[in-house]
Structure formats: structure tokens, C-alpha cells
Protein chains: 2
Amino acid sequence: MARPRTFDESVVLEAAAAQFRVHGFADTSTEQLCEAADVRRSSLYNAFTSKDELFVRALDHYASTMRARQESILTDTSLSGAERLRKLIDAIIEEERVARAEGHAAGCMGVHTLMNPGLRARDERIARILDRDLRERLGLLEDTIRAGRADGSVPDGPPAGEGALLINTIISGIRVAAQTGVTPDILHRIALDGLRSLLG
Amino acid sequence: MARPRTFDESVVLEAAAAQFRVHGFADTSTEQLCEAADVRRSSLYNAFTSKDELFVRALDHYASTMRARQESILTDTSLSGAERLRKLIDAIIEEERVARAEGHAAGCMGVHTLMNPGLRARDERIARILDRDLRERLGLLEDTIRAGRADGSVPDGPPAGEGALLINTIISGIRVAAQTGVTPDILHRIALDGLRSLLG
DNA sequence: GCCTTTCTGTATTTCAGAATCCAAAACTTG
DNA sequence: CAAGTTTTGGATTCTGAAATACAGAAAGGC
């Protein structure tokens, strides 16, 4: 009954996330966002009321898709617990490899946002999104560690909850290290070194 | 021969660093900086030509003092290599504990800056400061691991260079995890779990 | 005690970039 | 195919914050 949008909302969100990820919130202008998404300014403002709002939506979208990707690895019952964890690490290193190939050494929008306190202050939804994302990912990791202990692929070690935190910490550390130019294959070895208490 | 400054430059740099660390570069106004340092705007601009410049100087100052602190731990020959590494971890956790007590969960200006690509783009000196800081810290860590292997306190494991990267990665990960509200004592356990391949 | 230099405080300017406005276009449906 | 509604493009306005200007004050040397 009315003119339909010519752009796909989630495509815009992904383009926006890519910009925010590479340049950060403050250093991404609305013009850049328009250009990246190939959408005119009024369309953007019409669909997403403000830059802040667009950021929140982009972050949410980004966190969901990323998490879904990790979830599909960690719940793949055709693999042992340990294999799933290793595969997760592989996938993360692969992300960094791709980012590297694309020029920007930029890792993860989640870590970026987390390390930018001003952003969280800007909208309480941001903290909520990050919190929820963290909780869900930790839960998945914990379940996988437990599954690995049950199927015998993961040796005894720290409690599963603590192990989940360890994996998450290592992943964050890897994201940071990637920014300093460490090559993906070295990142991979470091990740496995760090997980020795879990994976042996 | 002329009126001397009433403020101490390094005190201003420390106050500025504290603000930048807690609020981030973009979300710290020059007014906040003046207030935090208790210096009037013109004095600030007179001493440090711009907000950007002040940031660079503050970062440099911050990195140097932080590094010196770590260096004094890592070169304390009254301790074994392993003891020095453990003490470094203790010191970092302690920093997070203090930050936590002060309200802001904020960790490290270095990691903040590293994870904010727009900042590095703003001034090439920033990348230089971070690079140099990283190189020096990795060197110290590597030396300490070697010393620990020589004195028998650090068991065989990954090559010293890789070990240094691991420690650094864990520290970064801890800085990030601290932002999510993990308590200092849990952070401590995670750090030691992650260093198992080095410290046993 | 005067003179030079640098500092201080406030008011003002400037500017980048976010957000709004409006007229025209595009599409759907009855 | 006409009506009604939403989208679109471009120009414009608005805003917040960085930076500057300038007058007056404070210190030190001579």
C-alpha cells in the first residue's frame, strides 16, 4: 500500500557494523555509513532514527550472528567436546586472517565496544547486549567443556565455569594481539598454549 | 626571567590519562580535562597545543611509567624467574582491583587505545608508542622466561618468544575480562590457568 | 621598581558532523 | 489509473565541542 524500501535492513546493519568495527563509533561519520550501505541519509534516518540507534541495532545484529556461528560449532554433536573447542579457535583465527587480508587488522566489534567505556555510558542497551552475549557464550563454552569431560576428550582441570572464562579471556586476548600485527599462525599457537590447562 | 608554571606537567599528564582511560578519547571533553587537572583552558592549550597532542603525550607518559613499574618487577634478581612472572600477574590483578574500587572497571590505556582504530589513524606517533611499548615489554618477558629456565624455576615449554606473547595475550584478555565485571580473584585464577604451559 | 615574559580567565569564534526539512518520486492497492 | 502513503535526494539548519583571542595578572631579572 506504500512504496517499499529499496534496501535490506540487515544488509545496512552489516555494512554499518563493518564501518564501526574498523573505525570505531566516534570516527565513523553518518556520511561514511550512508556510503558504505549505499543508502541516502534520509533513508537511513528514516529507518533508524539516529546514529546511536543505528549503532545499537548494528551491535545487536552483529552479536547475534557471531554468536550463532559459534553456537553451531559448539553444539555440533558429531564432534567431541575437545574437537569443538579446537574448531572454535580455528574459526576465530580464521576471522582474523580474513580481516588481515582485508587490510584492517580489526577483530571484534564486541571487544571494541567493551573497551570503549564512553559507548556503554551512551545507551544502557549496549551494556545489556554485551552482557547477554557474554552470558550466552560462556554458557555454551561451559556446556562444551562438560560434554568433553563426559566423552573423555577433555581431561580434568579447572571447573567448567572457570574453563569457560579462560577460553573467553584467551579469545579476547587474541583479538587484542591481532591488532598488534601478530600473524594468524602464531596467534593460533598462542591460543593452544593458553588452553593447555583445558585441552592438555 | 618569566612567570613559572604553577602546575606540574606530569601531574597534568597523569590526570589526563586517567580521564582518557575511563571515558575514552572522544568522550572526554577539554573541559573535563581542565577540571581533572585543575588547570585553566588556556594554560592547557599553552602547554600542550591541542587535545590530540595532549593525548599523545599522556599516552606516552602512561606507557613509560607503567612499563617502568613492570620492569622493576621483571628485573628483580632477588626473585626467581617464575616468581617474577607470578608477581607481575599479581600486580596487574591488583591494578584491576584498585580500578574496581574506584568505580570505573577500566583497565589499561594501552589496550583501550589499541582497540580504537580511529585513534591510531589520528596520529602516527600513537602507533609508534604502542609498538615500542609492546616490543619492550615482550623483550622483558622473554628475558624473564629465559632467566626462569636457567634458574630452574620455569619448566620447559614453548619457546621464550612465544611464551612472552602468551603472557601478553593473557594480560590483554584479563584487561578485557575485567571490563565485564569478573572479580579480581577469579581473574587471578584464570591468568594462572592460562599460564599453565609456562609455569606448570 | 620597572620591564619583559609567560601565565590565567573569560568570551568568542569556528567547525565538523549530526539531524531535520521539504519537494518530488516511486510503489501498491482498490 | 488515481489515491494515498512511504521513500528518497539534496539542501539546510543545528549543535556541541575544540580552539583562539585578548586583557589583565603574576613572577623574575636587571
Side-chain angles (χ1 to χ4, degrees), chain A residues 1-59 112-113 116-123 125-126, chain B residues 1-13 15-59 113 116-123 125-126:
Chain A
M1 192 219 219
R3 177 177 177 180
R5 290 215 172 120
T6 57
F7 60 87
D8 180 349
E9 203 156 277
S10 69
V11 168
V12 172
L13 289 177
E14 275 150 37
Q19 291 297 310
F20 285 135
R21 202 167 60 127
V22 175
H23 303 110
F25 178 80
D27 293 304
T28 302
S29 69
T30 55
E31 196 164 343
Q32 276 173 273
L33 290 168
C34 293
E35 197 149 325
D38 193 32
V39 161
R40 256 34 62 191
R41 173 124 59 286
S42 355
S43 307
L44 206 79
Y45 273 90
N46 182 45
F48 315 90
T49 41
S50 68
K51 187 185 173 186
D52 286 48
E53 199 68 23
L54 176 57
F55 180 83
V56 173
R57 302 266 324 260
L59 177 64
H112 283 208
T113 307
N116 199 331
L119 272 180
R120 273 178 296 168
R122 188 175 240 100
D123 190 319
R125 280 173 298 170
I126 292 178
Chain B
M1 187 216 224
R3 179 177 178 181
R5 288 214 172 119
T6 58
F7 59 86
D8 180 348
E9 203 157 276
S10 70
V11 169
V12 173
L13 289 177
Q19 291 298 308
F20 285 135
R21 202 166 60 126
V22 175
H23 302 109
F25 178 81
D27 293 303
T28 302
S29 70
T30 55
E31 197 165 344
Q32 276 174 272
L33 291 168
C34 293
E35 198 150 325
D38 192 31
V39 160
R40 257 32 64 191
R41 171 131 52 279
S42 353
S43 309
L44 206 79
Y45 273 91
N46 182 45
F48 315 90
T49 42
S50 69
K51 187 184 174 187
D52 286 48
E53 200 67 23
L54 177 57
F55 181 83
V56 172
R57 302 264 328 257
L59 177 65
T113 307
N116 200 331
L119 273 180
R120 273 177 295 167
R122 189 176 240 100
D123 191 319
R125 281 173 298 171
I126 294 179

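Below, chain A is the first sequence line, B the second, and so on; all start at residue 1. Being a predicted model, the structure only gives us computed values, none of them experimental.
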Rounded to whole Å, CG of Asp52(B) lies from P of dA17(D) at a distance of 16 Å

Rounded to whole Å, the CZ-C1' distance (Phe55(A) to dA18(C)) equals 16 Å

Separation of dA16(C) atom P from Gln32(A) atom CD, nearest Å, is 15 Å

Taken to the nearest whole Å, CG/Asp27(B) to C1'/dG16(D) is 13 Å

Glu53(B) atom CD is separated from dA19(D) atom P, nearest whole Å, by 10 Å

In whole angstroms, the gap separating P of dA18(C) from CD of Glu31(A) amounts to 9 Å

Exercise. State, with a plain yes or no, whether a side-chain heavy atom of Leu54(B) is found less than 4.5 Å away from one of Leu13(B).
Key: yes

Leu33(A) side chain reached by Phe20(A) side chain, heavy atoms, under 4.5 Å | yes

Checklist entry - Is any side-chain nitrogen or oxygen of Thr30(B) closer than 4.0 Å to OP1 or OP2 of dA18(D)? => result yes

In whole angstroms, the gap separating P of dT15(D) from NZ of Lys51(A) amounts to 18 Å

Which of Arg122(B), Arg125(B), Arg57(B) passes salt bridge (Lys or Arg N to Asp or Glu O under 4.0 Å) with Asp52(B)? Answer is Arg122(B)

Can you say whether the rings of Phe55(A) and Phe25(A) are parallel (under 30°), tilted (30 to 60°) or perpendicular (over 60°)?
perpendicular

Heavy-atom nearest pair, Ala17(A) first then Ala58(A), reads N-CB, 4.1 Å

Ordered by number, residues from residues 40-50 of chain B within less than 4.0 Å of DNA chain C (heavy atoms) are Arg40(B), Ser42(B), Ser43(B), Asn46(B)

Q.
Under a 3.5 Å distance rule, please check whether Lys51(A) uses its side chain to pair with a backbone N or O of Ser29(A) as donor and acceptor.
A. no

Here the distance between atom C1' of dA26(D) and atom CZ of Phe7(B), to the nearest Å, is 15 Å

Below the 4.0 Å mark, does dG17(C) have OP1 or OP2 next to a side-chain nitrogen or oxygen of Ser29(A)?
no

